[in-house]
Amino acid sequence: MEPFVRLFAGIKNPKEYQKALRFLVSVDYKRTAFQFSLLGADNVVRSFNELMQYIYSIETIEEEKFDPGRFLQLWGAFLLEIRRDVGNKKTKLGPADMLRIQITDIDKFIK
């Protein structure tokens with residue numbers, strides 16, 4: 001989870017953004033992601049895959065083209081799938097609700 005927190009924090013700090021992006025596409029992280037894909041529940045893995053596909057699509061794009069709204073939607077959806085998988089299958093929360101505790105102006109980014 002740390003690289004995703006760093007990626008979002010990096011919106012205002014380009015060095016942190018680049019550092020997080022490099023880590024997310026590193027061999028070490030891919031190894032961890034591979035292990036996760038073998039153990040994670042189907043919906044959690046699918047959600048993680050969507051998030052990573054977005055990361056791969058912006059890997060070579062300048063940070064000003066990073067869409068915080070899209071990233072937050074995917075990140076929130078991923079956290080929500082984890083929540084469901086650990087026993088809250090009937091949760092009424094949405095992706096934005098999963099991030100509201102961490103991001104003060106979340107409604108600016110996720111509708």
Side-chain angles (χ1 to χ4, degrees):
M1 296 307 224
E2 180 185 342
F4 297 108
V5 172
R6 285 181 179 270
L7 188 62
F8 184 71
I11 291 171
K12 295 180 182 175
N13 181 346
K15 287 182 184 178
E16 197 64 33
Y17 173 88
Q18 290 301 326
K19 183 178 176 182
L21 218 75
R22 278 193 304 275
F23 183 71
L24 281 168
V25 297
S26 71
V27 172
D28 288 337
Y29 195 77
K30 286 184 180 190
R31 184 179 303 114
T32 300
F34 176 73
Q35 293 168 343
F36 170 74
S37 72
L38 295 176
L39 301 172
D42 291 355
N43 287 341
V44 177
V45 171
R46 281 189 193 103
S47 184
F48 182 68
N49 287 342
E50 285 184 51
L51 178 57
M52 289 306 296
Q53 286 299 308
Y54 178 72
I55 298 300
Y56 295 144
S57 77
I58 63 169
E59 178 183 2
T60 57
I61 299 173
E62 314 83 62
E63 68 251 17
E64 58 266 6
K65 295 200 178 171
F66 175 69
D67 179 358
R70 178 72 178 135
F71 170 71
L72 290 174
Q73 181 69 35
L74 292 168
W75 186 25
F78 175 53
L79 295 175
L80 188 55
E81 288 303 331
I82 292 171
R83 177 181 168 81
R84 287 180 178 134
D85 187 54
V86 297
N88 294 292
K89 296 194 185 311
K90 295 182 180 184
T91 184
K92 302 286 188 234
L93 298 178
D97 297 315
M98 297 302 296
L99 302 173
R100 213 169 288 288
I101 195 169
Q102 301 170 2
I103 303 166
T104 58
D105 54 353
I106 188 70
D107 294 321
K108 255 180 19 182
F109 299 102
I110 297 181
K111 307 291 184 232

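Remember, predicted model here, so these are calculated numbers, not experimental data.
In this structure, OG in Ser47 is found 8.0 Å from CG in Leu80, a value given to the nearest 0.5 Å. Atoms CD1 and NZ, on Ile103 and Lys108 in that order, are 11.0 Å from each other to the nearest 0.5 Å. Note that CG of Leu74 is 11.5 Å distant from CE of Met52, once rounded to the nearest 0.5 Å.
Nearest heavy atoms, Ala77 versus Pro95: N-CB, 3.7 Å. Considering every non-hydrogen atom in both Ala41 and Asp85, the closest pair reads CB-OD1, 3.1 Å. Across all non-hydrogen atoms, the minimal contact from Asp107 to Arg100 is OD1-NH1, 3.0 Å. Residues Phe23 and Tyr29 approach most closely at O-CB, 3.1 Å, considering heavy atoms. Pairing each heavy atom of Ile110 with each of Gly69, the nearest pair is CG1-O, 4.2 Å. Taking each heavy atom of Leu93 and Met98 in turn, the nearest pair found is CD1-SD, 4.0 Å.
Counting only heavy atoms from C-beta outward, the side chains of Phe71 and Ile55 approach each other to under 4.5 Å. Considering only heavy atoms from C-beta on, Gln102 comes within 4.5 Å of Trp75 through its side chain.
Annotation for Leu39: atom CG counts as buried by contact number, over 12 foreign heavy atoms lying within 6.0 Å.
Using cut-offs of 30° and 60° for the angle between ring planes, the Phe78 and Phe48 rings count as tilted.
In this structure, the side chain to side chain contact (heavy atoms under 4.5 Å, CB included) partners of Lys19, at least two apart in sequence or on a different chain, are Arg6, Glu16, Arg22. Remark: Arg46 engages Asp42, Asn43 in a side chain to side chain contact (heavy atoms under 4.5 Å, CB included) (not counting sequence neighbours).
Results of the side-chain contact (heavy atoms from CB on, under 4.5 Å) test with Leu79 over Val44, Leu99, Leu51 single out Leu99 as the only residue that passes.
Cluster partners of Leu38, using a side-chain heavy-atom cutoff of under 4.5 Å among ILVMFWY residues and allowing indirect links, are Phe34.
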